[in-house]
Structures are given as structure tokens and as C-alpha cells.
Amino acid sequence: MGVAALIRQRLGECSPAERRVARALLASYPAAGLGTVAALAERAEVSAPTVLRFLSRLGFGGYPEFQRALREELAERETSPLTAYRATERSGAPPEGALPRAAHTLPEAVAGTLAELPQGELDAAVRLFADQQLRVTAAGGRFSGLLAHYLVLHLMQVRGNSRLLPASPVERTDMLVDVGKRDLVALFDFRRYEEPTLALAREVTSRGAKVVLFTDRWLSPVAGLAEVVLPGRVDSPSPYDSFVPALALVETVVAALIDRLGPVAGTRLKAMEAAQQAFGG
């Protein structure tokens with residue numbers, strides 16, 4: 001589990017002053033933790049001993065150990081497919097082949113993702129998606145946009161009032177111009193995080209919208225703005241990060257949402273099937 005994910009997991013155990021340290025770290029992560037103790041304490045408006053007590057609660061033996069973990073995590077966050085490919089090239093191709101690697105890596109990544117997912121975060125995400133007074137807009141990046149589309153296709157069928165943010169600037173502007181307190185924005189952002197996704201999160205939250213973030217275990221910078229953060233592993237048999245665990249996470253959210261909606265989901269599904277037949281879709 002990454003440091004940011006650990007912070008979010010332990011947030012409920014913290015004192016009010018320690019929570020200020022946590023929020024200061026998450027709001028400018030990981031940069032806020034790479035300066036001095038005094039700088040972090042000033043940013044959080046607490047004392048230096050409060051910062052150290054907070055780090056002790058997380059399990060760190062001191063500030064240097066905390067910063068080492070941050071630096072190691074930062075190096076992992078910056079890993080690209082090319083970096084991973086070159087590392088494999090230097091060490092030689094794994095002898096077991098792609099199929100055995102996938103058979104070992106992917107199930108373990110999915111199981112780890114679901115085991116590490118905080119129940120409270122899942123419950124909070126489902127409560128938001130189940131609120132039919134909220135209009136849902138989903139968006140992702142170059143690859144993770146596929147996950148956003150997959151989520152929206154399910155939400156359209158079980159709760160309605162859901163849409164995928166289009167790529168066209170005019171259509172995006174039209175869809176976002178009225179975003180406000182009645183909006184829920186589902187964002188997908190994974191390492192080598194995309195600046196436009198962060199900019200979008202800043203704008204919609206400034207207008208009162210809530211954000212549910214699907215991300216990796218190192219946590220996108222959007223985590224500091226999100227109402228709910230759902231992290232997953234990205235372990236892969238290839239140099240590319242895998243979205244298989246994230247897909248399992250989306251399907252878990254959908255399953256929990258159907259459970260929560262109960263007969264409402266069934267009524268919506270019947271209406272969708274009838275409309276499909278009526279309109280020849």
C-alpha cells in the first residue's frame with residue numbers, strides 16, 4: 001500500500017490536529033512531505049511534535065523513514081512502459097513466458113486490490129452513485145477513458161442520468177458549463193497522472209461537485225480533492241500497467257450499487273429493455 005493510501009486509511013483514527021497534517025499532505029502530495037518537519041507543520045498549522053505523532057500513528061519510526069518511503073514511492077509513480085521495458089531488457093526476458101506470468105500476476109493483483117479496498121470508501125462511493133438526484137459524469141485519460149466508458153454504460157442501465165465526458169472541446173464545454181452541487185464526477189487517473197484530469201477535478205470541485213476517484217495504489221494528485229478514493233493495483237505481465245484490477249473494482253462498485261438500489265435497478269433495466277425494443281437499439 002502506498003503512503004497516500006495509508007494516510008487515507010488511517011484518517012478516521014487521527015486527532016483533529018493530526019487530520020490537519022493528513023489533509024495538508026494529501027492536498028499537495030507528495031511535495032508537502034519532502035520538505036522539513038517545520039515546513040509541513042506550518043502548512044498544516046500544527047506543531048512539529050504533532051507531525052511526528054501523526055507519522056508514528058502511520059507506523060513510521062521518524063521523519064527520515066517517512067521521507068525515504070515517499071521518495072521510493074515517487075520513483076515508482078514515475079515508472080513508464082519504456083522504463084519497465086528497458087529494465088526487462090537489461091535483466092533478460094522472464095523464462096516462464098507470458099501465459100504463466102499472467103496466470104500468476106493478474107489474479108493476485110485483483111485479489112490484492114479487493115482485499116486492500118477500504119470498506120468505508122466503497123460504501124461512500126456506492127451511496128453517491130445511488131443518489132439519483134446527482135447527475136454522474138465520468139472521464140478518464142488516454143487509456144483509462146475506456147474504464148470511464150465502461151462504468152457509464154452500466155450506470156445508464158441501472159440508475160440513469162449518467163454520461164461520458166466527450167473529447168470534443170465544444171461538447172465538453174456544453175456538458176460542464178452547468179456543473180454544480182447536483183453533480184458527481186467519476187474520474188480515472190493512473191500513474192504518469194494526466195494534468196488535464198487534475199485541472200478538471202479542481203474546476204468541478206470549486207463549483208461544488210463531488211468527485212469519486214479510481215486510481216492506483218500511489219494515488220493520483222486528484223486524491224486531495226476527491227470525496228472518495230478507490231485505489232487498485234496495476235501489476236502486469238507486460239511493461240504496461242494492467243487495468244484488470246481497476247476493471248474488477250468498477251464491477252464491484254456496480255454490483256454493490258445494484259444491491260443498494262434493489263427494485264429500482266430492476267425497474268430501470270426493464271425500462272431500458274423495453275426502450276431498446278421500441279426504438280430498435
Arg163 side chain to Ala138 backbone, donor-acceptor under 3.5 Å: no

Strictly below 4.0 Å, N to O, side chains only: are Lys270 and Glu273 in salt-bridge contact? no

How many angstroms lie between atom CG of Leu70 and atom CD of Glu65, to the nearest 0.5 angstrom? 11.0 Å

Any donor-acceptor pair under 3.5 Å from Thr105 side chain to Ala102 backbone: no

More than 12 heavy atoms of other residues, nucleotides or ligands under 6.0 Å from CD of Glu45: yes or no? no

Salt bridge check, Arg68 against Glu72: does any charged N sit closer than 4.0 Å to a carboxylate O? no

Above 12 or not: heavy atoms from other molecules or residues under 6.0 Å from CZ of Arg182? no

Centroid-centroid under 6.0 Å between Phe243 and Phe190 rings: yes

Assess whether side chain to side chain donor-acceptor pair (under 3.5 Å) is satisfied between Thr113 and Arg233, documenting all intermediate values. CA-CA 6 Å; Thr113 293; Arg233 296 190 182 186; 5.1 Å; no

Quick one: does any side-chain atom of Ser144 pair with a main-chain N or O of Gly140 as donor and acceptor, under 3.5 Å? no

Nearest-0.5 Å distance that lies between atom CG in Leu184 and atom OG1 in Thr137: 8.0 Å

So which atom in Gln132 and which in Arg159 form the shortest heavy-atom distance, rounded to 0.1 Å? NE2-O, 3.2 Å

Plane angle bin for Phe188 and Phe214 - parallel if under 30°, tilted between 30 and 60°, otherwise perpendicular: parallel

Using a 3.5 Å distance criterion without hydrogens, assess whether the side chain of Tyr63 forms a donor-acceptor pair with backbone atoms of Leu52. no

Find the distance between CZ (Arg127) and CD (Glu227) and round it off to the nearest 0.5 Å. 9.5 Å

Are the side chain of Asp183 and the backbone of Ala209 linked by a donor-acceptor contact shorter than 3.5 Å? no

Please check this pair: side chain of Arg135 against backbone of Asn161, looking for a donor-acceptor N/O pair closer than 3.5 Å. no

Calculate, to the nearest 0.5 Å, the distance between atoms CG and CG belonging to Leu58 and Leu55 respectively. 6.0 Å

Arg23/Glu18 salt bridge by N-O under 4.0 Å criterion: no

Please check: side-chain N/O of Asp189 versus main-chain N/O of Glu194, any donor-acceptor pairing under 3.5 Å? yes

Please check: side-chain N/O of Arg172 versus main-chain N/O of Ala167, any donor-acceptor pairing under 3.5 Å? no

Take Ser56 and Arg53 through the side chain to side chain donor-acceptor pair (under 3.5 Å) test and state the conclusion after the steps. CA-CA 5 Å; Ser56 177; Arg53 280 197 301 275; over 6 Å; no

